[in-house]
Structures are given as C-alpha cells and as structure tokens.
Amino acid sequence: MSDWPDLLGPVEEVAPRLLGAVLRHGPVAVRLVEVEAYGGSDDPGSHAFRGPTPRSSIMFGQAGRLYCYLSYGMHVCLNVVVGHEGEAGAVLLRAGEVVDGHDEVRTRRPGARERDLARGPALLSRALGIDLASNGADLASGPVRLERRASTDTAYAAGPRVGLRGAADRPWRFWVPGSPQVSAYRRHPRAPDLANQPDVS
DNA sequence: CTACCGATATTCT
DNA sequence: GAATATCGGTAGA
C-alpha cells in the first residue's frame, strides 16, 4: 500500500492524491480525473459546516467510507470520507474516465457522448450504478471499491469549487490537466463577484 | 460555447 | 418558505 494516499491528512492535501485512482462497482470502473475537498466547521461550503445532521454525520466518521447524498432532490453524488474520526472531511468525486464496463455504462446512458459518460458528480454515480443504498460502504472491502492507483504521481491543477455560494473562491477543486472528462466550471448564480466591486445601490 | 428553466430531498429560516 | 456541492432539455450566439 505504499503508494496509496493517506486519507488521514488535511482534506485539501488528500483530495488531489485521489486523482488517478480507480473506483469500481461490479463490471464498471472509473479513473478519477476531478475531485473537490470539503471540510468541517471552517468550510461554509460543506454539508458539515453547521455540525452533524442525519445526512452529514458520516462525514465525521471513519475515513475510507463512502458518503452518498441526494443533490437537488434527485442526483446521487459520491464522496470519500477522509480525516480522523470526530473531524468532518470528505472528497467529492466529480468526474472520471470509464476504464472498464463500457457496455454496461452505455446501456445506462444511451446516446451520451463518450467524454460525458462520467463527466459531473451525478453522472459519475449513474455510470457506476451506485445509489443511496451504498451510503456508508467500506471502500476497502465492500462491493464499491477504491482501487490502488498507478504508481506514478498524477500531475494536477487546482481552482475554485463548482456551484458553491459560500467560500466560492477557496481553491479546493483539483483536476487532471487536459482531461476531456473534467466538467466545465460553473459559478453559483448568487456567489459574490470575484473582484470585490462595490454594490450598485 | 452561453443562458435559462424545471425537478425536488435535506436543511435552515 | 427558500436555498442548495446538479442535470438535461431547449434556445441562441
């Protein structure tokens, strides 16, 4: 396991080390090319910002488990829980490249363009066929597995997270430069302007 | 590529 | 009641 990332470090340091890792569920495997870090009480963009809730309590638990939640009431998003127990942390898996089970993914998403098969957090979970029943699964021994990545370190880029209102500019999104599967950056409609322009009253 | 819109669970006001 | 870690459709530059 010498080249497997240590999931107990700070979430913004753990997250980029997951790039290049492979997530497998049955016949389908996806190589991760885009992730985002989410923290605890110091991260206004995190589900754990205001402490544990029925949904977010798993973020405070053991590292190496799967956190699945429903986004906007309909899309499943996948996270790897990181950090020590009692401290919230999770890495949102935003996009990947299908490296196995291609035909299975095609039956789930007929007509999708090749690079779009797992381009976006909800599309990634759909490609893998993972739903909320897998929430809390152990990624080392369950049916959903995080497999060891290639031994070489993956080069990465960093920038602001997608679609957040709070802490919109914290550079906690990480991706593999040049990967066609990296999803397009979208700023939250009500996020404050980048250049702190005075308001027009 | 951009912009808007609707669907809708969990959480907060 | 309203916001949100999204997506797929449609429309337009």
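Chain letters run A, B, ... following the sequence lines, proteins first and then strands; every chain starts at 1.
- Here the options are A/L123, A/V76, A/L78, A/V144, the test is side-chain contact (heavy atoms from CB on, under 4.5 Å), and the partner is A/L128; only A/L78 passes.
- Checked against A/Y156 for a side-chain contact (heavy atoms from CB on, under 4.5 Å), the options A/L19, A/V176, A/V33, A/L18 give a single hit: A/L19.
- Remark: P of C/dA5 and CD1 of A/I58 are 19 Å apart, rounded to the nearest angstrom.
- Of the two residues near DNA chain C, A/R165 and A/S183, the one whose nearest nucleotide lies more 5' is A/R165.
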Nucleotides 4-13 of chain B: protein proximity per nucleotide (B base, S sugar-phosphate only, - neither; heavy atom, under 4.0 Å): ---BBBSSSS
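- Of the residues in residues 88-112 of chain A, those placing a heavy atom less than 4.0 Å from an atom of DNA chain C are A/L92, A/R94, A/R109, in numerical order.
- Spacing between atom CG of A/N79 and atom P of C/dT6 amounts to 11 Å, rounded to whole angstrom units.
- No side-chain N or O of A/E97 forms a donor-acceptor pair with one of A/S179 less than 3.5 Å apart.
- Following rounding to the nearest Å, A/D116 (CG) and C/dC7 (C1') show an atom-to-atom distance of 11 Å.
- Remark: A/R94 CZ to A/F174 CZ distance equals 13.0 Å, nearest 0.5 Å.
- The distance between atom CZ of A/R170 and atom P of C/dA5, rounded to the nearest whole Å, is 13 Å.
- Not one N or O on the side chain of A/R115 forms a donor-acceptor pair closer than 3.5 Å with the backbone of A/L117.
- In this structure, the CZ atom of A/R187 is 13 Å from the P atom of C/dT4, given to the nearest Å.
- For A/A122, taking side-chain heavy atoms from C-beta onward, the closest of the listed nucleotides B/dC1, C/dT6, B/dT2 is C/dT6.
- Across the protein-nucleic acid pair, A/D43 atom CG and C/dT4 atom P stand 15 Å apart, rounded to whole Å.
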Derivation of the side-chain contact (heavy atoms from CB on, under 4.5 Å) call for A/V91 and A/N79: CA-CA 5 Å; A/V91 178; A/N79 301 249; 5.9 Å; no
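- What you find for A/W175 and A/G159 is that their closest heavy atoms are CZ3-N, 3.3 Å.
- Checking each of A/L164, A/L92, A/D43 against A/W172 for a side-chain contact (heavy atoms from CB on, under 4.5 Å) leaves exactly one that passes, namely A/D43.
- One finds no salt bridge joining A/R119 and A/E114 here, because no Lys/Arg side-chain nitrogen approaches an Asp/Glu carboxylate oxygen to under 4.0 Å.
- A/Y185 places its OH atom 16 Å from the C1' atom of B/dT2, with the value rounded to the nearest Å.
- Atom CG of residue A/L32 and atom CD of residue A/Q181 lie 11.5 Å apart, to the nearest 0.5 angstrom.
- Look at A/R126 and you'll find a side-chain N or O under 4.0 angstrom from OP1 or OP2 of C/dG8.
- B/dT13 and C/dA5 are spaced 14 Å apart, taking the P atom of each and rounding to whole Å.
- Atom CG of A/L78 is separated from atom P of C/dT6 by 13 Å (rounded to the nearest Å).
- When the shell of 6.0 Å around CZ of A/F49 is examined, it contains more than 12 heavy atoms from other residues, nucleotides or ligands.
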Step-by-step side-chain contact (heavy atoms from CB on, under 4.5 Å) determination, A/L70 to A/R55: CA-CA 9 Å; A/L70 209 50; A/R55 178 173 70 170; over 6 Å; no
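- The residue A/G163 sits close only to the backbone: its heavy atoms come under 4.0 Å of sugar-phosphate atoms, none of a base.
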Base-pairing string, 5' to 3', of DNA chain B - Watson-Crick or wobble, under 3.5 Å, | interstrand: |||||||.||||.
